[in-house]
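To start, the structure itself, in C-alpha cells.
Bear in mind the structure is a predicted one, so any value in this text is a computation, not a measurement. Worth knowing before you read on, the calculation uses all heavy atoms, side chains too, and leaves out hydrogens, waters and symmetry mates.
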Amino acid sequence: MARKKIETQKARAKPEAVIEIASTGVRLSIVEVLSQENADEDSGGKAGNARSVSWNTLDRSDTPITFGAEIFATGEIKQSSISQCIQILARYKEQLAAWGLAPQDATVIATSALRESQDRDSIVDRIFVRTGFVVRIIDGIEESRLMYIAVRECFKNSPINLADDDFIILEAGGGTTELTFLKKGSIVGAHSFRLGAARVERRLGQMGATDTTQRYVRQFILNSKNSLNEELKNLKVKSFIAVGKIPQIAALYVGKPVSTFLWEIPREKFFEFANEIQNYSVEECMARFKISYNDAAQMHTGFFIYETFFELSDAKTIIVPETNLREGVLISKIDSPDEELQQEFYKQISAGALNLLRKYHGDENHASYVAKTSLEIFDELKDESALDKHARVLLEVAAMLHDIGIFVRMENHHLHSAYIISNSEFFGLGKNEITIISEIAKYHRGNANPQDDELFQMLPRAERMMILKLTSIIQIADALDRGHMQKFEHLKFSRQKDSFIIDTGNRHNTVLERRALGEKGEMFESVFGYKVILN
C-alpha cells in the first residue's frame, strides 16, 4: 500500500514506525506523514479536504518467526527463537537508523504468541536490553479496537457507509480470531477467541485442513455461536468485513475493487476459491501467491476458519479492506484524538459491563443507581481527584459490576465479583484496567483494607491511588442504596470545610443509609479528607 489518507488537526513530517511481533512473523512499517501542502499536491488538492493528510510507505519488512508454532504446541518459546527475534529487531533497528529514528521512536506491539508465554516479561526485558525497543503486549480486545480504527479509515470516502447497515469485522490470525459486531456503524460487541490456523494445527499435530481439523474448527465455532446468539439475533448482517492476508489474497483473485482501499467478494466466489486452495500443496501456495513458507503452511486451515465463520450469517458479500494492525496503531499514534470515536468506545465499554451483569443475573436497578451516584460524586470532586475521563469510565464499570459475585454466593460476594471481573474480557480495556476494576469490586464492602493485599501492593503507585479513590466513591454510592430501593432520586453534593454534604431532598427514613455511611465512610475521609454528612 503506497499511501493511506487520514484526518488530523496537525500534519507531521517526521517518519513514524510500528513493529508487530506476531505469531508467524516480525513486521516493520515506516511511513512518512506528508505535510498539508504535499498531501494536497498528491491528492490533487481536493477542495473541502483541509484537514486531510497522507502517508507514504518509506520502508517495510516482514520476517518469518516460529513463536506461534512453539507456544501453541508446548506453551513455551525456545531460546533459539527468542534469539532469532532479537536478531531481527536488531536489523530493524539499523533500518530505523537509516531514516533518522531511534528505537524509542518506534511503537512495538506483540500479540497472541508472546502474551501467552509464561516468560513474556523476561523476553520483553531481553529485547529492551539488547535492542532498546520497548514492547507493549496487547490483548485480543485491544487488537479488535486497533483493527476497527484501521478498518473505519478504509471506509472513508468509499461508496459503502458503515452507518447504513450491520457488519461483522473478522480477523483470523495464527493464534486468535477477533470478532467485532457493528450495528449501523456503532460497536455493539467484540470478542477474542483462542482459535487460529497455527494454534489449531499445533494442537492437533497435523498440517492442512484435514477432516480432523475441519471437525475441530466447526465444533469450536458452533460452540462460539451458541454464546453469541443473543448478539447475532439483534443484527441483520449485510456483509462480513474480513481482515488479514488470507482474505486479501482472495480479493486479488476473485474480488472486485470498490474504492482505493476496499475490495468486495461475493460469498459463493469466496467459498469456491477457498475450496480450490485446499487442493494446492504448501509449495504451490508459496509459488503462486509469493508468500513465506509459514504463511503458505497455514493457508488451508486459515481459509477454512474464515469460511466457517462466514456461515454464521446469511451475509451475501465479503468486504476486504487493504489494511492491517500496524496501520491501526499508526492512525492511533498520528491522528488527532477523535472525540466521537472515543465516546463510542466508552459507550461500548459500558454496554459490555451491562451485558456481563445481565449474564450473571445482577440487580440492574441497584447497579445503575450506584453507577449514576458514583459518577455524580466523581464529577463533584473532579477538581481535586486528579483523575481523567478514562478513570471515570473504570468507575462506571466497577460500579455496575460490584455485586456481580452474588450470582455465585452472597457470602463473600465481593471476592466472587473480583474473580468474575478478572476473568472476563471488555472491549477497549486491557488487563491492567480490568485488574483495577476487579480490585475496586473486591473492596467495595469496606470490610477489608486494600493496603494489606499483596496484589494491591505490587501495583504502581498511580494505580493504587486510583483504586483507593474510586473504591471510596463506590462505597459511598453503595451505602446510599443500602436497601436496594433507590429511595433518593435527586441527590445534591456540596463541600464545606472538612465535610462532604449529601442532601437527599426528601424525608425518607435514612437510618439504614446513615449506618452504612458510618461503616463505609472511613476510606473516603482518609483519601479525600472529607467526613461524609447526610442531610
| query | Are more than 12 heavy atoms from other residues, nucleotides or ligands located less than 6.0 Å from atom CG of D314? | reply | no
| said: A side-chain contact here means heavy atoms from C-beta on lying under 4.5 Å apart; do E522 and S526 qualify? | reply: no
| message | If you define the side chain from C-beta out and look only at heavy atoms, does anything of I19 sit under 4.5 Å from I109? | response | no
| query | How would you list, by chain and number, every residue that makes a ring-ring contact (aromatic ring centres under 6.0 Å, His included) with H366, sequence neighbours excluded? | reply | H402, H484
| said: Parallel, tilted or perpendicular, judged at 30° and 60°: which one describes the rings of F271 and F310? | reply: parallel
| message | Applying side-chain hydrogen bond (donor to acceptor under 3.5 Å, both in side chains) as the test, list every pair that has at least one member in residues 172-185; sequence neighbours left out. | response | D166-K183, T176-E178, E178-S192
| task | Can you see which heavy atom on T111 is nearest to which on A22, and at what distance? | result | OG1-CA, 3.5 Å
| Does Y216 have any side chain to side chain donor-acceptor pair (under 3.5 Å) partners at least two apart in sequence or in another chain, and if so, which? | R203
| side-chain contact (heavy atoms from CB on, under 4.5 Å) involving S424 - partner list, sequence neighbours excluded | L356, I420, F426
| query | Are T213 and F304 side-chain neighbours, meaning at least one heavy-atom pair lies under 4.5 Å? | reply | no
| Do the side chains of L228 and L179 get nearer than 4.5 Å, heavy atoms only? | yes
| Could you give the distance from CG (L401) to CD1 (I404), rounded to the nearest 0.5 Å? | 5.0 Å
| Does the side chain to side chain contact (heavy atoms under 4.5 Å, CB included) test come out yes or no for E463 and N432, once each step is laid out? | CA-CA 9 Å; E463 292 183 9; N432 286 349; 4.1 Å; yes
| field | Test item: I305 and L195 side chains (from C-beta on) under 4.5 Å apart, heavy atoms | value | yes
| request: For the residue pair I318 and Y306, establish whether any side-chain heavy-atom pair is separated by less than 4.5 Å. | output: no
| Separation between CD1 of I168 and CG of L235, rounded to the nearest 0.5 Å | 6.0 Å
Listed pairs under 3.5 Å, donor-acceptor, residues 434-442 side chains, sequence neighbours left out:
| unit_1 | atom_1 | unit_2 | atom_2 | d |
| --- | --- | --- | --- | --- |
| T435 | OG1 | K431 | O | 2.9 |
| S438 | OG | I434 | O | 3.4 |
| S438 | OG | T435 | O | 2.9 |
| E439 | OE2 | K442 | NZ | 2.8 |
| K442 | NZ | D453 | OD2 | 2.9 |

| query | Taking atom types as modelled and ignoring hydrogens, do the side chains of R199 and Q298 form a donor-acceptor contact shorter than 3.5 angstrom? | reply | no
| Who passes side chain to side chain donor-acceptor pair (under 3.5 Å) against S81, sequence neighbours left out? | T66, E70
| note | For residues 165-187, the ring pair (Phe, Tyr, Trp, His ring centres under 6.0 Å) pairs (sequence neighbours left out) are F181-H191
| field | Results of side-chain contact (heavy atoms from CB on, under 4.5 Å) for R495 - residues two or more places apart only | value | E380, L381, D383, E384, F500, Y530
| request: Determine, step by step, whether I82 and K78 satisfy the side chain to side chain contact (heavy atoms under 4.5 Å, CB included) criterion, reporting the C-alpha distance in whole Å, the side-chain angles of both residues, the deciding distance to 0.1 Å, and the verdict. | output: CA-CA 6 Å; I82 298 171; K78 295 179 181 177; over 6 Å; no
| said: Taking the side chain as everything from C-beta on, heavy atoms only, tell me whether V108 gets closer than 4.5 Å to V134. | reply: no
| message | I'd like to know whether R482 forms a side chain to side chain contact (heavy atoms under 4.5 Å, CB included) with R514, so could you lay out the CA-CA distance, the side-chain angles of the two residues, the decisive distance to 0.1 Å, and finally the verdict. | response | CA-CA 9 Å; R482 183 61 174 266; R514 289 180 188 277; over 6 Å; no
| field | D379 bridged to R392 by N-O distance under 4.0 Å | value | yes
| query | Quick one: do the D403 and H444 side chains pair a donor with an acceptor below 3.5 Å? | reply | yes
| field | Q496 atom CD: more than 12 heavy-atom contacts under 6.0 Å | value | no
| field | Heavy-atom pair of closest approach, residues A197 and T301 | value | CA-CG2, 3.9 Å
| query | Would you call D503 and K492 a salt bridge, using N to O less than 4.0 angstrom? | reply | no
| field | Residues that S472 engages under side-chain contact (heavy atoms from CB on, under 4.5 Å), provided they are two or more places apart | value | M523, F524, V527, F528
| request: Could you tell me whether E20 and R326 have a side-chain N and a carboxylate O separated by less than 4.0 Å? | output: yes
| said: Please determine whether side chain to side chain contact (heavy atoms under 4.5 Å, CB included) holds for the pair F407 and K359, giving the CA-CA distance in whole Å, both sets of side-chain angles, and the decisive distance to 0.1 Å. | reply: CA-CA 10 Å; F407 177 84; K359 178 179 179 181; over 6 Å; no
| Minimum-distance pair of heavy atoms, taken over all atoms of R267 and S313 | NH1-O, 2.9 Å
| message | Could you report the tightest heavy-atom contact between L534 and E513, atom names first, then the distance? | response | CD2-CB, 4.0 Å
| request: May I ask you to test the T308-E311 pair for a side-chain heavy-atom distance under 4.5 Å? | output: yes
| said: Looking only at the side chains, is there a donor atom on one of E327 and T323 sitting less than 3.5 Å from an acceptor on the other? | reply: yes
| Sequence neighbours excluded, which residues qualify as side chain to side chain donor-acceptor pair (under 3.5 Å) partners of E376? | K372
| query | With sequence neighbours left out, what residues match Q219 under side chain to side chain donor-acceptor pair (under 3.5 Å)? | reply | N223
| query | With a 4.0 Å cut-off, would you call K531 and D498 a salt bridge? | reply | no
| Distance from I377 atom CD1 to S385 atom OG, nearest 0.5 Å? | 12.0 Å
| Who are the side-chain contact (heavy atoms from CB on, under 4.5 Å) partners of A110, not counting sequence neighbours? | I21, L114, V135, I137
